[in-house]
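Below is one structure, written out as structure tokens; comments come after it.
Only heavy atoms go into these numbers, but all of them, side chains included; no hydrogens, no water, no symmetry mates.
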Amino acid sequence: MRARLLKATFEVYTGDRGINDPAVIDDVIKAAEVSRATFYKYFTSLEAAAAELGHELADEMVLELDTIQSPITDPLKRASVGIQFFLWRAVDEPNWGAFVARSKHVVSETSAFMRRVTGDIDSGARTGELNFARLDAAVTFNNGALMNGIGAISNGVDRPAEFIEALTNMILIGFGGKREDVIDVQKWGSEFLRKNAPSHYPWWRTHR
């Protein structure tokens, strides 16, 4: 039942709702076809359900990325693959992208996603490939650009491949990466995903 309620929460949050029409518990129990009492048996509030779903998605995102990213040790290459991986998923699964972009829980300090991002950015600074004044500022910059990029893609952008290339380059340059290195590593990451992602992820479209 918990999974059913989380699925309904996802459907409600990613539905076609206006800015002045926020999701409420009644929407979720209607989508799940359960009573209000059943909802409260598992969650204290809609915010609690959304938080759990956000953390689940964050853990899932990291585990899925680990499948192909774990052998990569170079911090700049890891960042390039990670950024493009999440952006392409928003292209292929707009509803996933819509929830991730709206959920502050994905980028909460306790999420697996945040721990991974912080660790990778810190490693890049230690090796000298990335250069910035404060780690927390760099993480905030990355998350803001990435989540807004995911949101834009899930709403539809023209020429998504060009958008992803441009945004990846801007994020990596913002980290202090040298422009010529960033351009090369973005292309490397794009090619790496084209070769490896189709055999690992059912959502990855092979026509790229």
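Note: Phe85 and Trp203 have perpendicular aromatic rings, judged against thresholds of 30 and 60 degrees for the angle between ring planes.
For the atom pair CD1 of Ile25 and CD of Glu47, the computed distance is 11.0 Å after rounding to the nearest 0.5 Å. In this structure, NZ on Lys7 lies 9.5 Å from CZ on Arg4, to the nearest 0.5 angstrom. With values rounded to the nearest 0.5 angstrom, Ile121 atom CD1 is found 7.0 Å from Asn143 atom CG. Once rounded to the nearest 0.5 Å, the distance linking OG1 of Thr9 with CZ of Arg2 reads 11.0 Å. Atom CG of Leu53 and atom CZ of Phe99 lie 4.0 Å apart (nearest 0.5 Å). For the atom pair NZ (Lys195) and OG (Ser190), the distance works out to 11.0 Å, reported to the nearest 0.5 Å.
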**OP:** Output, in order, the C-alpha distance, side-chain angles, deciding distance and verdict of side-chain contact (heavy atoms from CB on, under 4.5 Å) for Arg116 and Gln69.
**Re:** CA-CA 11 Å; Arg116 169 58 58 81; Gln69 192 194 43; 3.2 Å; yes
**OP:** List the steps, then state whether side-chain contact (heavy atoms from CB on, under 4.5 Å) holds for Ser154 with Asn95.
**Re:** CA-CA 7 Å; Ser154 67; Asn95 282 348; over 6 Å; no
**OP:** Walk me through it: do Lys41 and Met1 pass the test side-chain contact (heavy atoms from CB on, under 4.5 Å)?
**Re:** CA-CA 10 Å; Lys41 180 179 178 181; Met1 180 57 67; over 6 Å; no
**OP:** Apply side-chain contact (heavy atoms from CB on, under 4.5 Å) to the pair Trp88 and Glu93, showing each step before the final yes or no.
**Re:** CA-CA 8 Å; Trp88 274 116; Glu93 294 189 329; over 6 Å; no
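Taking a cutoff of 4.0 Å between a charged side-chain nitrogen and a carboxylate oxygen, Arg89 and Glu60 qualify as a salt bridge.
Nearest heavy atoms, Pro198 versus Leu193: CD-O, 3.5 Å. The two atoms that bring Leu6 and Ala49 nearest to each other are CD2-O, 3.5 Å, heavy atoms only. Counting all heavy atoms, side chain and backbone alike, Ser35 lies closest to Ile29 at O-CG2, 3.9 Å. For Gly149 against Leu87, the heavy-atom pair with the smallest separation is C-CD2, 4.0 Å. Taking all atoms of both residues into account, the shortest heavy-atom contact from Ala112 to Ala58 is CB-O, 4.3 Å. Counting all heavy atoms, side chain and backbone alike, Ala50 lies closest to Tyr13 at CB-OH, 3.7 Å.
Of the possible polar contacts, none joining the Asn142 side chain to the Ala138 backbone as a donor-acceptor pair under 3.5 Å is found. Side chain of Asp122 to main chain of Thr118: no donor-acceptor pair is present (N/O by atom type, distance under 3.5 Å, no hydrogens or angles). Remark: side-chain polar atoms of Ser80 are not paired, donor with acceptor, to backbone N or O of Leu76 under 3.5 angstrom. Between the side chain of Thr38 and the backbone N or O of Val34 there is no donor-acceptor pair closer than 3.5 Å. With Asp27 contributing its side chain and Val24 its backbone, the two residues share a donor-acceptor pair below 3.5 Å. Counting only distance, with no hydrogens or angles, the side chain of Arg78 and the backbone of Thr73 share no donor-acceptor pair below 3.5 Å.
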Going by atom type alone, with no hydrogens or angles, which donor-acceptor pairs under 3.5 Å involve a side-chain atom of residues 127-137 and a protein atom two or more places apart or on another chain?
from, atom 1, to, atom 2, distance (Å)
Thr127, OG1, Ser123, O, 3.4
Thr127, OG1, Gly124, O, 3.1
Arg134, NE, Asp136, OD1, 2.9
Arg134, NH2, Asp136, OD1, 3.4
Arg134, NH2, Asp136, OD2, 2.4

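In this structure, the side chains of Thr67 and Leu63 stay at 4.5 Å or more apart for every pair of heavy atoms. Counting heavy atoms from C-beta on, the side chains of Leu167 and Ile83 never come closer than 4.5 Å.
Hydrophobic clustering, with ILVMFWY side chains joined whenever heavy atoms are under 4.5 angstrom apart, keeps Ile183 apart from Ile164. Taken together through direct or relayed side-chain contacts under 4.5 Å among Ile, Leu, Val, Met, Phe, Trp and Tyr, Ile68 and Phe86 form part of one hydrophobic cluster.
Note on residues 167-189: pairs passing side-chain hydrogen bond (donor to acceptor under 3.5 Å, both in side chains), not counting sequence neighbours, are Gln84-Gln186. Sorted by first and then second residue, the pairs that involve residues 153-187 and meet ring-ring contact (aromatic ring centres under 6.0 Å, His included), not counting sequence neighbours, are Phe141-Phe175. Within the structure, the ring-ring contact (aromatic ring centres under 6.0 Å, His included) test picks out no pair touching residues 52-76 (sequence neighbours left out).
Phe43 pairs by the ring-ring contact (aromatic ring centres under 6.0 Å, His included) definition with Phe39, not counting sequence neighbours. Evaluation of the side chain to side chain donor-acceptor pair (under 3.5 Å) rule for Asp26 yields Arg36 as partners, not counting sequence neighbours.
Within 6.0 Å of CD in Glu191 there are more than 12 heavy atoms belonging to other residues, nucleotides or ligands.
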